[in-house]
There are 2 protein chains.
Amino acid sequence: MPVAKAESSSTTPTPRGRGRRGTRASGDDRERAILETAERLLEERPLSEISVDDLAKGAGISRPTFYFYFPSKDAVVLTIVDRLVAESGGSREEIITALAEGGPQAGFRVGLENLYAAFRARPGVVRAGTDLRATNQEARDLWAQVMEGWVADVTAVIEAERARGAAPPGQPARDLAIALVQMNERAQYATLLGESPSLEADRVLDVLIDVWLRAIYGTADPG
Amino acid sequence: MPVAKAESSSTTPTPRGRGRRGTRASGDDRERAILETAERLLEERPLSEISVDDLAKGAGISRPTFYFYFPSKDAVVLTIVDRLVAESGGSREEIITALAEGGPQAGFRVGLENLYAAFRARPGVVRAGTDLRATNQEARDLWAQVMEGWVADVTAVIEAERARGAAPPGQPARDLAIALVQMNERAQYATLLGESPSLEADRVLDVLIDVWLRAIYGTADPG
DNA sequence: GACTCTATCAACACCGTGTCGAGTAAGTCA
DNA sequence: TGACTTACTCGACACGGTGTTGATAGAGTC
């Protein structure tokens, strides 16, 4: 597919990724209303108990009109999750700088803390995104891509720490990174949703970082 | 609800937990046929793409007749998962004996190997059980109970190893156990389903055990 | 040969999704 | 001004899935 060539900017319909085929008028309000309704309802009940009609009603439109703005309920959720992921993405680079400034413990803590903070405020959205992976390939792909990004970052950090002699050799850095990132995903999700068993919200970071440091440095108290 | 009082044992219809309200006759075959159909289809496609009609057709009965044997599609899956969990449950106690006989590395490896082996043969069932947690409270409860069992076992082992001086003190044993068990759940699931990123099937145990040993003993090569 | 209990299914009621086609209202420009 | 376009709206429908009802057939007592 060719990249859209620059069009006359004045009347260009602006096609937003997963949203509606381009428009410009007051329909923007409706689109926002749908997204806001979805975010609100997702904090009240799981995705499977929210119908397209609920979203339409909440946005003050009829069900067919909903389909003018989004191709499906899934697309709404993916749009919301996309944004949440984008918000949290900024914190990834913060790991690197925090590592350089504060050493390993502080670095990892800052990184994981920021990440966790981004999701903590909207557990319903996190749950919806997770649930969606059961039925939606696009949701699986999106999440796989997010995980791949974190794994790549962590792999790089581990390799750097080994190169400068701060961490001993061991399992391949990428393998270690995969296991640790997956542990975090699962543990933080369980804590966020209040599963049992799960780590207490105010202990989860302490415990996870302890495992990270021991796995990477061989001690809970490196340099 | 009062517990059913002991009935005359001769003609008691035998109510099986999640299956049909009691009977005895040749309908047993049908019940088995439904379960077998479900197991077969689950290795072909995800639960969300299997309808009650598919299960009924596969068992050679009509859709309403299906409901004579099971109250819902979910109940069929829960029955299958129940059994798989029961099969895998035997391996739990093997951790303890293997630990006593072969020391920490061998003990954990045998334990996790057996566990993994039980699930490896039926990834479709594992996926169905996981997917089901998105919509089904009973599935969440069942899984929570399974996790709780493993966490309890691992907690006991960690405490025993600390008591005999083989493992140093650190994070509360239960917290450590939760994080490690969750890591295993997530990592083994990802490997089983071939997600990306995920650990290679022939490396997953090496990597996970390495993290376990470092987290528990502070070294990848304890006594 | 009346009675019971298992087993079966056609027909139905219901709900959620997604589409179609007929609009209306606001803007553009001849 | 009035023909034309574009954004937007929704009633009505078709479809596919779930779960229930009620009628019935056969096998097993007694």
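Lettering follows sequence order; numbering is per chain, from 1. Remember, it's a predicted structure, so these values are computed and weren't measured experimentally.
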Seminar exercise, completed: To the nearest angstrom, the CZ-P distance between B:F68 and D:dT18 comes to 20 Å

Exercise. What pairs with B:E36 under salt bridge (charged side-chain N to carboxylate O under 4.0 Å, His left out), at least two apart in sequence or on another chain?
Worked result: none

Problem set entry | For atom CD of B:E49 and atom C1' of D:dG16, their distance in whole Å | 14 Å

Problem set entry | Results of salt bridge (charged side-chain N to carboxylate O under 4.0 Å, His left out) for B:R120 - residues two or more places apart only | none

For this session: Provide, to the nearest angstrom, the distance between the CZ atom belonging to B:F70 and the C1' atom belonging to C:dA7.
Result: 15 Å

Problem set entry | Results of salt bridge (charged side-chain N to carboxylate O under 4.0 Å, His left out) for B:E159 - residues two or more places apart only | none

Exercise. Atom CD of A:E31 to atom P of D:dA7: distance rounded to whole Å?
Worked result: 14 Å

Problem set entry | B:T65 side-chain N/O to C:dA7 phosphate OP1/OP2 under 4.0 Å | no

Problem set entry | Exercise: identify the closest heavy-atom pair between A:L193 and A:P123 | CD2-O, 4.4 Å

Seminar exercise, completed: ring pair (Phe, Tyr, Trp, His ring centres under 6.0 Å) pairs touching residues 111-131 of chain B, sequence neighbours excluded, are none

Seminar exercise, completed: With sugar-phosphate taken as primed atoms, P, OP1 and OP2 and all else as base, the protein-contact string of nucleotides 13-26 of chain C at under 4.0 Å (heavy atoms; B, S, -) is ----BBB-------

For this session: Would you list the pairs meeting ring pair (Phe, Tyr, Trp, His ring centres under 6.0 Å) in which at least one residue belongs to residues 180-215 of chain A, sequence neighbours left out?
Result: A:F108-A:W212

Exercise. Got a sec, which residues hit ring pair (Phe, Tyr, Trp, His ring centres under 6.0 Å) with B:F66, two or more places apart in sequence or on another chain?
Worked result: none

Problem set entry | For B:R203, side-chain contact (heavy atoms from CB on, under 4.5 Å) partners two or more places apart | A:Q171, A:P172, A:D175, B:E200, B:D206, B:V207

Problem set entry | Under the side-chain contact (heavy atoms from CB on, under 4.5 Å) test, residues paired with A:R63 that sit two or more places apart | A:V52, A:D53, A:Y67

Problem set entry | B:R174/B:E148 salt bridge by N-O under 4.0 Å criterion | yes

Detail all sub-3.5 Å separations between protein N/O atoms and N/O atoms belonging to nucleotides 22-29 of chain D.
none

For this session: Applying salt bridge (charged side-chain N to carboxylate O under 4.0 Å, His left out), name anything that partners B:R186, two or more places apart in sequence or on another chain.
Result: A:E185, B:E195

Exercise. Looking at residues 54-62 of chain A, who's got a heavy atom less than 4.0 Å off DNA chain D?
Worked result: A:I61, A:S62

